[in-house]
Amino acid sequence: MNDRWVVRTKNEKVSFFLIKKEVYKTIAVFVSLIGALLLGLMIGTDVIPFYEIINYIFQLAPIENEFALGELRMPRVLSGMIVGAALAIAGLIVQGIIRNPLASPDVIGVTGGASVSAVLFLTYFSEGMGVQWTPIFAILGAIITFFIIYLFSLHPLITANRLVLIGVGLSSLADAIILYILVTSASFSSERAYLWLTGSLYAVNWVQTISILIGFFILFIMVLWSTRKFELYSFGDSIAEELGLNLKSFRIVFLLFSALLCGLSVSVAGGIGFIGLLTPHISRRIVRHHTSLLFITTAGIGAILVVLADWIARYAFQPLDIPVGVFTAGIGAPFFIYLLIKNRNSF
Amino acid sequence: MGRIVRQDKMKWIGLFLLTLLLIICMLASLMFGNTNFMLTDIYKTLTSSNSKDVAHIIIWQERFPRMVIAVVTGASLAVAGVISQLLTRNPLGSPSVLGINSGSIFVIVVCVVLFKVSDLHILVYFAFLGALLAAFLVYLLGSLGRSSTSAIKLILAGIAANAMFVSFTQIILLMNQKGMSDVLFWMAGTISGRTLDMILAVLPYLLVSLVVTCFLGRSMNIYASGESIAKGLGQNVFIMKVTLLILMVVLAGGSLAVIGNVGFVGLIIPHLAKAIVGNGYPWLTPYSILLGSIFLLIADLSTRLIHPPAEIPLGVITAFIGAPFFIYVAFKGGRARE
């Protein structure tokens with residue numbers, strides 16, 4: 001048994017084992033994440049050398065590109081990281097709960113619901129209340145959409161696949177509502193809204209970054225805390241119930257987690273598609289045995305994907321700044337097709 | 001026997017009533033908008049020779065083309081929906097859901113933005129090509145695997161195709177922002193601002209396809225009873241499939257070239273028509289034609305009347321009605337299966 005570590009507290013209240021290989025792989029994921037972050041920070045219209053970044057982070061010496069690094073790239077790269085991690089975990093949860101490998105918050109319409117609510121707020125209420133309340137409304141929209149989907153799922157004859165179809169319908173309804181709001185309101189600049197809706201990290205500021213950073217870590221710790229339940233649920237309804245899992249409350253709590261994570265990311269970056277769908281598939285290949293580790297790896301890979309995608313979208317098409325959502329959809333859709341082919345016998 | 005005859009009589013009467021309704025909607029489409037006209041105004045503009053008159057210009061330059069386009073594309077989209085639901089044997093299988101709209105738009109955008117094609121007579125063929133491309137892609141993906149084409153697989157394939165075409169379109173547009181205004185109306189989906197030339201460019205294809213589909217009713221009935229049965233009854237199933245595919249692609253692509261991305265018509269109307277006349281295709285197609293025209297006329301009228309002076313894209317109106325309907329059909333399908 002030397003391919004694993006056994007972790008025990010003295011009174012054996014907590015004990016679990018970790019497979020060494022999976023731990024190493026997770027560490028590798030996070031090393032790559034640091035690499036992706038550095039890439040995003042260093043290379044752009046002009047190159048900022050590594051030592052300047054170190055100088056800036058630890059405040060060792062004043063640097064030349066302080067504005068470009070501190071005000072433009074840092075918030076953008078960091079919020080890309082959080083958005084990616086949040087979407088990836090939201091996707092992992094949704095796929096686990098609906099037990100469908102092709103589900104994700106954007107496919108079943110939750111991203112759309114969050115966007116509707118955010119656009120409604122930005123159009124009609126933001127002048128009175130201030131833009132900083134947008135995340136609250138995005139999260140509210142995500143929760144309402146999840147609630148609707150959950151209500152459908154309570155019907156005993158609705159299968160997981162039908163649930164995805166219903167989500168697809170909700171998604172197009174959300175698109176229509178957003179377009180309607182944009183067309184009928186004069187106050188909202190439609191070009192900016194369009195950019196935001198396709199999912200862009202353009203002009204993200206520190207306030208947004210810090211607020212989603214805090215929100216994400218609180219949620220992430222809560223999710224990690226309850227991974228045991230997630231594991232039980234994956235054995236199937238009847239076994240999970242026998243092992244003492246309250247299915248109803250489990251589903252509600254985890255869907256709520258997913259809605260909150262999804263709303264967080266929509267409020268900053270709009271609808272970045274396919275990250276929630278794609279990432280869990282990659283991370284499940286890396287980590288198979290340990291659910292907490294799976295969540296951690298998923299967060300890491302989601303973060304890498306968004307940071308890299310945003311870097312390519314920003315850097316490769318210069319002087320244009322392509323919204324990262326367009327780019328992830330361009331890569332994600334073919335991957336989705338691949339998943340369809342791979343899972344062709346399971347529907 | 002007597003009963004069937006009586007039913008057929010009812011169906012003829014229904015057809016007549018729908019035609020009446022269609023005419024009323026056509027007149028309403030000419031009468032109402034930012035400025036409202038009476039029937040007498042329309043009659044006057046027809047008889048008077050003064051073509052500089054404001055009423056004359058509004059009615060015949062703007063509202064008349066819109067009316068014609070709504071009638072023709074509404075009918076075409078509805079019948080394209082009938083055919084694609086038959087082809088995919090799936091109550092949710094309409095062109096827009098299967099990503100055929102966005103495939104067509106992608107190819108149009110490539111032509112307009114990258115190759116500077118602006119002649120609609122040429123673009124129509126590319127719209128057909130795009131529709132065909134998307135149809136093949138989705139059908140191929142949907143029919144993979146051991147189990148035959150299942151609803152969820154097709155719809156997911158449609159989502160994937162849709163997302164891919166939309167993102168490719170957006171990348172092209174973002175990289176060539178000058179071309180954006182040329183193609184934006186195709187993406188939003190609207191009848192406003194279309195001229196008679198545009199519909200004339202596609203009219204022959206659409207009309208021929210509509211007529212052919214009407215005459216195919218009996219063969220469609222046979223095909224609908226299942227491929228093996230159709231083979232047993234002596235139908236060449238392959239030729240039937242190809243014919244239906246071509247008809248669908250021409251109807252969907254042709255309408256799309258004129259009015260852009262207007263979804264869900266092909267989803268709603270066939271279900272509505274089935275609710276009225278049942279599953280027989282010889283009746284289903286004409287009813288869908290009439291209902292589709294009426295639906296699009298009303299939808300187009302509401303784009304002008306809901307929120308004046310802003311005009312809401314037609315695609316938004318159809319999605320408002322169509323998306324809940326899609327959810328309803330998905331929900332009902334879930335109940336019927338078990």
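Sequence lines set the chain letters: A, B, ... in the order given, protein chains first and strands last, and positions in each chain run from 1.
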Asker: For the residue pair B:Ala323 and A:Gly169, what are the closest heavy atoms and their distance?
Answerer: CB-O, 3.6 Å
Asker: With a 4.5 angstrom heavy-atom cut-off, could you sort out which part of B:Leu141 is near chain A: side chain, backbone, both or neither?
Answerer: side chain
Asker: Rounded to the nearest 0.5 Å, how far apart are OG of A:Ser172 and CD1 of B:Ile159?
Answerer: 9.0 Å
Asker: If you count heavy atoms of other groups shown closer than 6.0 angstrom to CZ of A:Phe147, is the number above 12?
Answerer: no
Asker: So do B:Phe320 and A:Ile177 actually touch side chain to side chain, heavy atoms under 4.5 Å?
Answerer: yes
Asker: Is it the side chain or the backbone of A:Phe274 that comes within 4.5 Å of chain B heavy atoms, both, or neither?
Answerer: side chain
Asker: Is B:Phe264 in contact with chain A via its backbone, its side chain, both, or neither, using a 4.5 Å heavy-atom distance?
Answerer: side chain
Asker: Is the count of non-hydrogen atoms from other residues, nucleotides or ligands lying under 6.0 Å from A:Tyr180 atom OH greater than 12?
Answerer: yes
Asker: Under a 4.5 Å heavy-atom cut-off, does chain A meet the side chain of B:Ile317, its backbone, both or neither?
Answerer: neither
Asker: What is the minimum heavy-atom distance between B:Phe326 and A:Leu165, and which atoms define it?
Answerer: CE2-O, 3.1 Å
Asker: For a quick test of reading the model, state the closest non-hydrogen atom pair linking A:Leu179 to B:Val316 and the distance between them.
Answerer: CD2-CG2, 3.3 Å
Asker: Of all heavy-atom pairs between B:Ala160 and A:Ala333, which one has the smallest distance, and what is that distance?
Answerer: O-CB, 3.6 Å
Asker: Heavy atoms only, distances under 4.5 angstrom: which of A:Ile331, A:Val164, A:Ile337, A:Val326 has the most pairs with chain B? Name it, please.
Answerer: A:Val326
